[in-house]
Amino acid sequence: MRIDIITVLPELLESPLNHSIVKRAKEKKLVEINIINLRDFTNDKYKSVDDYAFGGGAGMVMMIEPVYKAIEKLKSEREYDEIIYTSPDGEKFNQKLANQLSLKNNIIILAGHYKGVDQRIRDYLITREISIGDYVLSGGELPAATITDAIVRLIPGAMSDEQSALSDSFQDDLLAPPVYTRPADFNGWKVPEILLSGHTSKIENWRHEQSEARTRRLRPELLKDEGEN
Ligand code: SAM
């Protein structure tokens, strides 16, 4: 899989995509992640990629030409399954969408900035718009890193067995059960006995019950047969 992220702030993406599972997935060649500096696609001597909004008003707009050139260059080199724009008004990112995107081969993520990108890019080049939540961040770099991390950890082989993504929250529409580690007794705060019993099947049942109870308590709408979905 290949993920190309177009950004005006490459530095913001360096750390989040160079540690832990994402780093290991890159080392195992399960994914190639390229950070593309939008400023490499402008002829402006100050390397600026923003301009005033037609019609006036506060804030600058990401210019159409550098973004067009960056996307067209990538498209001339390979086919893309999705060209994603991160946007607060996009479809809400969730585990189902992460699962879908993890099955793709080539993805571009355009991280927006300023007041956003010239609408014509969205109208003519973008295939999908994704929001990571109902709040506004300064730029699309953290959303792009969030989306990339959520996708990459689902690629088969990215996680070791004991970290398996299948036991994470939202797979099977359930929240994950509580987890504990040593010591079994910390200042009198005890780990549930069942987890120390060694009975694998009983432990599995207990975890499933805990998942259901937690989901019912915190996110009842996920339990489709009981919620309103
Ligand atoms: N004027 C835009 C609006 O009100 O929808 C917000 C622009 S925001 C300051 C700059 C960029 O950050 C956006 O173009 C988008 O790429 C990114 N961004 C901000 N919040 C986001 C969110 N919740 N999800 C995805 N991207 C976001």
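Atoms considered below: every heavy atom in the structure, side chains included; atoms not considered: hydrogens, waters and symmetry mates. Keep in mind the model is a prediction, meaning the values are calculated, not measured. Note that ligands are numbered from 1 as they come in the structure, with each ligand's atoms numbered from 1 the same way. Position 1 is the first residue of the sequence, and the numbers go up from there.
- At a 4.0 Å heavy-atom cut-off, ligand 1 touches P143 through the side chain alone.
- Closest to atom 2 (C) of ligand 1, if we only count protein heavy atoms, is K115 O, 3.7 Å.
- Side chain of T86 to backbone of P143: no donor-acceptor contact under 3.5 angstrom is found.
- Taking a distance limit of 4.0 Å, we find that atom 4 (O) of ligand 1 is approached by no protein heavy atom.
- A side-chain donor-acceptor contact under 3.5 Å links N94 to the backbone of K96.
- In terms of protein heavy-atom proximity, atom 8 (S) of ligand 1 is closest to L137 O, 3.2 Å.
- Scanning the protein for heavy atoms near atom 21 (C) of ligand 1, the closest one is P88 CG, 3.7 Å.
- Within the 4.5 Å cutoff, the side chain of V49 has no heavy atoms near those of the E65 side chain.
- At a 4.0 Å heavy-atom cut-off, ligand 1 does not touch D134 at all.
- With a heavy-atom cut-off of 4.0 Å, Y114 touches ligand 1 through its backbone alone.
- With hydrogens and angles disregarded, no donor-acceptor distance shorter than 3.5 Å links the side chain of S87 to the backbone of I130.
- With salt bridges taken as basic N to acidic carboxylate O contacts below 4.0 Å, one links R207 and E204.
- A salt bridge links D168 with R153; the closest basic N to acidic carboxylate O contact falls under 4.0 Å.
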